[in-house]
Amino acid sequence: RCRAVVYCSRACQAAHWKSAHKLTCGAPPPPVPPRPQTPGELAEDCARQLAESGYAALGPLVDLNRRNALRTHARQEVERLLKLPLAAANARFAKIRSPEHRHAVALDLTPAVRDVVGELAVAYDACRAAFSGDEPEIVELGCLVSDAGAAAQPWHADADATRPNTRQLVLLVNLDERAVAATELLPGTHAPTFHAHVRDAFRGRLPDPPGMPALRAFDTAGAAVLYDAALFHRAPANDVGPRHVFYLGLVGQGAHATQGATRGATNALLPELRGTLLRDLIVGVRYLGAASGSRHVGFADRVAKMRG
């Protein structure tokens, strides 16, 4: 019954039963369920995954209604900007704007954006642990909008791991209703040794295919992933329809002030959000009220006044 003892024969089993085992034999106890991780343990686990693999899956964070609202808002922003003169549109489009039906657009803190940002407390804990307790500062806030027909990006990294620079993290949230392959990652390619090899052998760009297994960033709708900006990744070719990914670029505040970190890979950040900490962004969108935004007064200044 206990399935805990093995015998060489039935005779030995019978002898042991009579002498001792019948006093202790019984059905095995039910397995003890694992203790749920505390927020601090979850954050430390994410930091460990980031150090080892260059990414950490945070699970589904945003519900359907919030995803739908932000997806609609981002697409409307792209359509609005495409009707403006090129110079005016480029002020809001990020560097990767291209004729291949893929646009990264900087977003203002409209209600749809704030509703999604307000759900990112788990990501804040993970980022702070990854930055060794330093406060994460926002250097990008936008949405990648991709239509059917978009070509695959080359495998690339947004930061050079071989340079003595501040670490940068990128948070992605899948806004679509299914786990589409909106982003692919190459685990482990954030190491300085790997970057040096790619620089020397391939002039900084990996071949396609790179000869190593790729990982889909999202496994479900509303899922989020945090990755090191030095990790090689790409947006694959889009042949299934619209894709929408919300993203935040983050650096450590203290390290950025002393070492001069990069200001994000795509420059998708509106001027009034510069200098905003992720902590203050989450606090601000929860308590400043749904009617207030960042269009007229610098958001970082508003949060500072609120906190002070």
Side-chain angles (χ1 to χ4, degrees), residues 45-58 94-98 100-104 123 126-127 130-131 136 139-140 142-146 150-174 176 179-219 223-239 243-252 255 261-268:
D45 189 44
C46 286
R48 178 186 55 79
Q49 294 178 49
L50 279 165
E52 294 176 356
S53 303
Y55 77 95
L58 302 178
K95 290 179 180 178
I96 65 170
R97 182 188 179 193
S98 66
E100 289 83 21
H101 313 290
R102 182 181 290 115
H103 306 282
C127 292
F131 287 128
V139 292
E140 296 177 313
C143 189
L144 180 64
V145 178
S146 173
Q153 289 181 318
W155 291 102
H156 65 284
D158 296 332
D160 187 348
T162 64
R163 294 180 179 178
N165 203 357
T166 301
R167 187 182 192 185
Q168 181 174 332
L169 301 179
V170 181
L171 172 68
L172 303 179
V173 179
N174 176 26
D176 292 317
V180 296
T183 307
E184 293 179 332
L185 311 172
L186 293 177
T189 57
H190 64 306
T193 52
F194 187 86
H195 275 238
H197 170 71
V198 172
R199 180 193 60 207
D200 297 339
F202 304 110
R203 297 185 179 180
R205 293 282 181 170
L206 281 177
D208 188 21
M212 52 180 41
L215 174 79
R216 285 173 55 171
F218 307 118
D219 58 2
V225 65
L226 190 66
Y227 72 90
D228 193 310
L231 191 75
F232 277 81
H233 62 282
R234 72 168 183 175
N238 186 356
D239 54 5
R243 294 172 179 163
H244 309 79
V245 178
F246 175 74
Y247 63 96
L248 283 171
L250 303 156
V251 297
T262 55
R263 300 298 300 189
T266 64
N267 291 341

Is any side-chain heavy atom of [X] closer than 4.5 Å to a side-chain heavy atom of [Y]?
X: Thr189; Y: Val198; value: no
X: Thr183; Y: Val225; value: no
X: Tyr55; Y: Leu215; value: yes

Closest contact, heavy atoms only, [X] versus [Y]:
X: Cys46; Y: Ala56; answer: O-CB, 3.7 Å
X: Leu250; Y: Cys127; answer: CD1-SG, 3.4 Å
X: Leu171; Y: Ala224; answer: CD1-CB, 4.2 Å
X: Ala126; Y: Leu58; answer: CB-CD2, 4.3 Å
X: Gly142; Y: Phe246; answer: O-CD1, 3.3 Å
X: Leu172; Y: Tyr247; answer: CD2-CB, 3.5 Å

Under the salt bridge (Lys or Arg N to Asp or Glu O under 4.0 Å) test, residues paired with Arg48 that sit two or more places apart: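 For Arg48 the salt bridge (Lys or Arg N to Asp or Glu O under 4.0 Å) partners, ignoring immediate neighbours, are Asp45, Glu52.
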Any residue meeting side-chain contact (heavy atoms from CB on, under 4.5 Å) with Ala57, in chain and number order, not counting sequence neighbours: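 Ala57: no side-chain contact (heavy atoms from CB on, under 4.5 Å) contacts found.
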Sequence-distant partners of Ala51, side-chain contact (heavy atoms from CB on, under 4.5 Å), two or more places apart: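 side-chain contact (heavy atoms from CB on, under 4.5 Å) check on Ala51 returns nothing, list empty.
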Sequence neighbours excluded, every pair satisfying salt bridge (charged side-chain N to carboxylate O under 4.0 Å, His left out) that has a member inside residues 185-195: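 Checked against salt bridge (charged side-chain N to carboxylate O under 4.0 Å, His left out) - neighbours excluded - no pair reaches residues 185-195.
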Euclidean distance, His195 NE2 relative to Asp160 CG, rounded to 0.5 Å: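 It comes to 6.5 Å.
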From Phe194 atom CZ to Arg199 atom CZ, the distance as rounded to the nearest 0.5 Å: 13.0 Å
All N/O donor-acceptor pairs, side-chain side in residues 230-238, below 3.5 Å, sequence neighbours left out:
unit_1, atom_1, unit_2, atom_2, d
His233, ND1, His156, O, 3.2
His233, ND1, Leu231, O, 2.9
His233, NE2, His156, NE2, 3.4
His233, NE2, Asp158, OD2, 3.4
His233, NE2, Tyr227, OH, 3.4
Arg234, NE, Glu184, OE1, 2.9
Arg234, NH1, Asp208, OD1, 3.4
Arg234, NH1, Asp208, OD2, 3.3
Arg234, NH2, Glu184, OE1, 3.1
Asn238, OD1, Val240, N, 3.2
Asn238, OD1, Gly241, N, 3.3
Asn238, ND2, Ser146, O, 3.4
Asn238, ND2, Ser146, OG, 3.2
Asn238, ND2, Asp147, O, 3.1
Asn238, ND2, Gly241, O, 2.7

Residues Arg167 and Asp228 bridged, charged N to O under 4.0 Å: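 Looking at Asp228 together with Arg167, the answer is yes, because their closest N to O distance falls below 4.0 Å.
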His190: side-chain hydrogen bond (donor to acceptor under 3.5 Å, both in side chains) partners, not counting sequence neighbours: none
